[in-house]
A.B. asks: 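Sharing a structure here in C-alpha cells format.
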Amino acid sequence: MAKSTVKSTPKTLDIIKNDPWLKDYEAAIVGRHRHAEDKIAELTQNGKCSLSDFASGYLYFGLHRTATGWVFREWAPHATEIYLIGDFNDWKESPKYQLKRIKDTGNWEIKLRGNALKHGDLYKLKIHWKGGCGERIPAWCRRVVQDEQTKIFSAQVWAPEQPYVWKKKTFRPNTAPLLIYECHIGMAQDAEKVGSYNEFRENVLPRIAADGYNCIQIMAIQEHPYYGSFGYHVSSFFAASSRFGTPEELKRLIDEAHKMGIAVIMDIVHSHAVKNEVEGLGNFAGDPCQYFYSGGRREHPAWDSLCFDYGKNEVIHFLLSNCKFWLDEYHFDGFRFDGVTSMLYYSHGLGEAFCNYGDYFNGHEDDNAICYLTLANALIHEVNPKAITIAEEVSGMPGLAAPFKSGGYGFDYRMAMNIPDYWIKTIKEKKDEDWKPSSMFWEVTNRRADEKTISYCESHDQALVGDKTIIFRLIDADMYWHFKKGDENYAVERGIALHKMIRLLTASTINGGYLNFMGNEFGHPEWIDFPREGNGWSHKYARRQWNLVDNKELCYHYLGDFDKAMLDIIGKEKNIQKSPVTEIWHNDGDQVLAYSRNNLIFVFNFSYARSYTDYGFMVPQGAYDVILNTDAPAFGGHGLNDDSLRHLTNFDPLLARDGKGWLKLYLPARSAMVLRRAQEDKKTENK
C-alpha cells in the first residue's frame, strides 16, 4: 500500500483559482490546508508509515483470536482496574479475567487460553476508576446483541469456525453516473416487523438492480440502542447492527450486490455519538471527555448526543480506524458522512444563515473537525482509490467536495440539499400557475463548478413523521381512495404528472449522481414512524409496501415503471453527468423549459391548463426521436402524442449558418419529453 506523502502547499490553490471570490479568504483556506498537511505528517511520522497503517487500530484493539488463544485490548486511560465479565465467569470479577495496563500507556490488555472463551459468549467490561465503577461494552467490539426479554445489550464473542469467503473479490463502482438507492434494512419488508439482511438480499436487491440503480446507500448499519433513531445515535461504531442478522449475512448481501454490479455505501455517523454510558462511550472509564469535547461543547444542543473531540489524536485514531474497518472487513465501497454541517461549525450550523463567503471563514468553524474530515477522505481513498465519499452538508461550505490537492476537503460528492427543500417549498407555497421554469432550472443547476453533487427530490428526511413525501404533498388522502386505475380524480392525475416531471428535471440535470429513497420511486403512500411508546410499538409505518407497486390494478406501478425508464436513459447515456446542461429555452409565462445534454433534449410544459401546438425551439438541424414521454399511457398519462413519429427540424436560412433549425413540438399540459438526435444525423455532421 502506498505511503501517505505530504506535499508542500502550492502558491495558489486551485479552488481559489477556480473561484476568485475566495481570494479574500486565501489565508484561512491555506491555513486549513496546512493544518491537514501537518497532521498527516505527525500521524505518519513524516511519511515513515501511511495513514492506512495509522488507521489500523481495529487490528490491535478489541477481541482477537490468536494462534494460541485470545487477546483483548482497550484504551481506557482513566481506569484503575478492568475485568472481562460474561457467560464464562458468571458475570463476576475474577483474577483470571483481569486486564493489565500496558506500561506507560492508557491501554489495557489480557491474553487468554483458547478454552477461556467460545463463539457466542456474551461479555462486557467491568471498569473501575477513582470514585466509581461500571459495566461497559468495549469501544472496539464488533458484535453487540440485545436480550429480547431484559432488553440489555452485551458484546458477543464472534469467531465462527467458517469465516465468510468472498466470491466477488474485486469490485469497481460505476459512477458514470452514480444512481443511488437509499435504503434501511429493517424497514425494507412488507411485513410489520424488523427486516433482515437475508430478506433484503433475497427480496429487495433484485428490485433495485431491475430498476437500474447502481449503488445502494444503507442506513443504520452501526449499532444503535434505539431502533427509532434511524441509526443516527450510534453506540458501537465497529459493530454491524445485530437486529438485522449476523456479520456473515451482511457480507453476503454486499457480495451479492457486487455480483449484480451494485456498489454499497453506508451512512457513517462520526458527527456525534449516543449519550448512553453502559452501551456507548458517554462515560467510558470515569472520564466523560475521553472521546468527547469538554465543557459546553460536549453535548449537541439539538440532537441530545455527544460531540467527538477531533483535536485528540486518540479520537482521530478511533474514527479513522472505523473508516478503514468498514472498507476492509465488510468491503463497503464508501460512505455518506452524516451531519457534516454540525461538525464544521461551533454552532453546529444552528441559527446561521450562511448568506455570504465571509460566513465560512469568520472564526466560527471547528478547524479540528475540518482537519479530521480531510484526513478521513485522504485515508479512505488511500485504502481504496475507487471509494465513494459523500458529504451531507447544508451550509454550502466551499471546497468540501474539491480534491485535497486543490485546497478542498476531499469528498467526491456533496448532497444537493437545496433541491428537495426547493421542491417542498414550491409544492407547499405556490399555485400551479406560479411555478416558474427559470427558477426550477436555476435551482437544479446551481452548484460550484469544481464540486460534484448528488441531486435528489427527497431522501428519508422528507418521509419521516412530521413531514410529507412529495407524492403525499401533491395528492394527500386521495391516494387512499382514488389510486385505483379508472378511479383517478383530478388530484391524483395532477400528482402523478408532477411527480414524474419533478423527478425527470432533477435526475436529468445531475453533475455527479442521483439519489432516491426506498419506495419513493413508486410514490409510497406512508410516512415513516418507527415503533415507539407513542404508537404502541407498532411497525405499521416502519415498512415498505411492495405489494402496491406490484399490483397492476393500482397507479403506483405507473410511477415505478417511469422511474425505471428514466434511469435507463440516464444510465445508458455514459457520463451524462459530465456533459454540459445547456438551456435552449424558457418562458415563465408559458411555463415551458427546454435544455440539452449531448444528443438529448429535455422539454417540459408545467402549465396545468395550456397545451401548445407547434411550439418551436432552435436546435441542431436533424431528426429527433422521442425516447421518453411522461404523458405516455404506460406511465399513467393521456397519450396525446404519437411518440413513434420522428421529428424533423424546419429549415430556416437565418439559423442554417449555425447548423440549427426549428424543432416544433406538440406540448400537452403538465408533461415532459426526452428526445434523442438521430445517430445518422450526428455521423453526417462529424464527417
Side-chain angles (χ1 to χ4, degrees), residues 171-175 177-188 195 197 200-201 204-205 207-209 211-222 224 229-232 234 240-241 244 250-251 253-258 260-271 322-323 326-327 330-340 376-377 380 384 386-394 401 411-417 419-420 452-464 503 506-507 510 512-521 524 528 544 563 567 570-571 577:
F171 178 77
R172 180 173 181 166
N174 175 12
T175 58
L178 189 63
L179 302 172
I180 303 173
Y181 198 83
E182 184 188 26
C183 50
H184 183 288
I185 300 296
M187 58 169 285
Y197 296 124
F200 188 94
R201 173 177 52 80
V204 183
L205 204 54
R207 290 180 180 271
I208 297 169
D211 286 347
Y213 291 90
N214 56 27
C215 179
I216 56 174
Q217 177 181 303
I218 310 181
M219 309 171 65
I221 290 294
Q222 294 170 293
H224 44 292
S229 76
F230 233 68
Y232 291 123
V234 174
S241 182
F244 309 132
L250 174 56
K251 291 175 182 179
L253 188 166
I254 295 170
D255 208 3
E256 187 67 24
H258 286 169
M260 294 180 176
I262 297 173
V264 186
I265 60 178
M266 66 175 274
D267 261 358
I268 196 165
V269 184
H270 285 178
S271 47
N322 193 236
C323 294
W326 293 107
L327 296 171
Y330 284 92
H331 293 198
F332 276 99
D333 299 295
F335 307 97
R336 178 259 204 188
F337 278 73
D338 178 68
V340 170
N377 277 290
I380 291 163
N384 179 4
K386 301 301 179 184
I388 298 162
T389 59
I390 305 169
E392 188 233 11
E393 206 282 314
V394 71
F411 282 98
D412 296 304
Y413 306 90
R414 65 190 309 156
M415 301 291 288
M417 300 183 73
I419 296 176
K452 294 182 291 186
T453 61
I454 301 296
S455 300
Y456 62 109
C457 307
E458 52 191 339
S459 66
H460 67 273
D461 289 331
Q462 286 73 34
L464 292 168
R503 289 179 178 278
T506 304
I510 57 174
Y514 173 73
L515 176 142
N516 166 70
F517 178 67
M518 178 174 64
N520 286 349
E521 72 277 9
H524 196 283
I528 299 168
R544 297 284 91 175
D563 196 76
L567 293 187
I570 293 170
Q577 79 285 357

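This chain uses plain numbering: 1 for the first residue, then up along the sequence.
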A.B. asks: Classify the ring geometry of F335 against F337: parallel below 30°, tilted from 30° to 60°, perpendicular beyond 60°.
C.D. replies: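 Perpendicular: the ring planes of F335 and F337 meet at over 60°.
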
A.B. asks: What are the two closest non-hydrogen atoms of G212 and L567, and how far apart are they?
C.D. replies: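 Between these two residues, the closest heavy atoms are C-CD1, 4.2 Å.
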
A.B. asks: Over 60° means perpendicular and under 30° means parallel, so classify the ring planes of Y197 and F244, tilted if in between.
C.D. replies: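 If you compare the ring of F244 with that of Y197, the planes turn out perpendicular.
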
A.B. asks: Going through the checks in order, is the ring pair (Phe, Tyr, Trp, His ring centres under 6.0 Å) test met by F230 and H460?
C.D. replies: CA-CA 10 Å; F230 233 68; H460 67 273; 5.2 Å; yes

A.B. asks: Could you pull out the closest heavy-atom pair between G339 and S271, with the gap in Å?
C.D. replies: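 Of all heavy-atom pairs spanning G339 and S271, the closest is O-CB, 3.5 Å.
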
A.B. asks: Closest heavy-atom contact between I510 and T506?
C.D. replies: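 Closest approach of I510 to T506: CG2-O, 3.7 Å.
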
A.B. asks: For R201 and E256, indicate whether the former's side chain and the latter's backbone hold a donor-acceptor pair under 3.5 Å.
C.D. replies: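 Checking the backbone N and O of E256 against the side chain of R201, no donor-acceptor pair under 3.5 Å is found.
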
A.B. asks: With rounding to the nearest 0.5 Å, note down the distance linking CZ in R414 to CD1 in I454.
C.D. replies: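 Rounded to the nearest 0.5 Å, the CZ-CD1 separation comes out at 12.0 Å.
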
A.B. asks: Grab the two heavy atoms, one from I208 and one from F200, that are nearest each other, plus how far apart they are.
C.D. replies: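 Result for this residue pair: CD1-CZ, 3.8 Å.
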
A.B. asks: Using a 3.5 Å distance criterion without hydrogens, assess whether the side chain of E521 forms a donor-acceptor pair with backbone atoms of G519.
C.D. replies: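 It does hold such a pair.
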
A.B. asks: Rounded to the nearest 0.5 Å, what separation is found between the SG atom of C323 and the CG atom of N384?
C.D. replies: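 One finds 13.0 Å between SG of C323 and CG of N384.
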
A.B. asks: Roughly how far, to the nearest 0.5 Å, is the CE atom of M219 from the CD1 atom of I268?
C.D. replies: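 Output value for this atom pair is 14.5 Å.
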
A.B. asks: Do Q222 and N322 have side-chain N/O donor and acceptor atoms under 3.5 Å apart?
C.D. replies: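 Side-chain D/A pair, Q222 to N322: present.
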
A.B. asks: At their closest point, which heavy atom of P177 faces which heavy atom of N214, and how far apart are they?
C.D. replies: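 Here P177 and N214 meet closest at O-ND2, 2.9 Å.
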
A.B. asks: D267: what forms a salt bridge (charged side-chain N to carboxylate O under 4.0 Å, His left out) with it, not counting sequence neighbours?
C.D. replies: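 Salt bridge (charged side-chain N to carboxylate O under 4.0 Å, His left out) check on D267 returns R336.
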
A.B. asks: Minimum heavy-atom separation for A416 and T453, please, with both atom names.
C.D. replies: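 In this case the closest contact between A416 and T453 is CB-CB, 4.2 Å.
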
A.B. asks: First locate atom OH of Y330, then atom CD1 of I254, and finally report the distance between them rounded to the nearest 0.5 Å.
C.D. replies: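 Nearest 0.5 Å value for the OH-CD1 distance: 8.0 Å.
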
A.B. asks: How many angstroms lie between atom CZ of R544 and atom CZ of F517, to the nearest 0.5 angstrom?
C.D. replies: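 Those atoms lie 5.0 Å apart.
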
A.B. asks: What residue among T389, T175, I180 forms side chain to side chain contact (heavy atoms under 4.5 Å, CB included) with Y413?
C.D. replies: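 Option passing the side chain to side chain contact (heavy atoms under 4.5 Å, CB included) with Y413: T175.
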
A.B. asks: Say you draw a straight line from CD of E458 to CG of L515; how long is it, rounded to the nearest 0.5 Å?
C.D. replies: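 Atom-to-atom, E458:CD and L515:CG are 10.0 Å apart.
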
A.B. asks: Do H331 and K251 touch side chain to side chain, with heavy atoms closer than 4.5 Å?
C.D. replies: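 No - every pair of side-chain heavy atoms lies 4.5 Å or more apart.
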
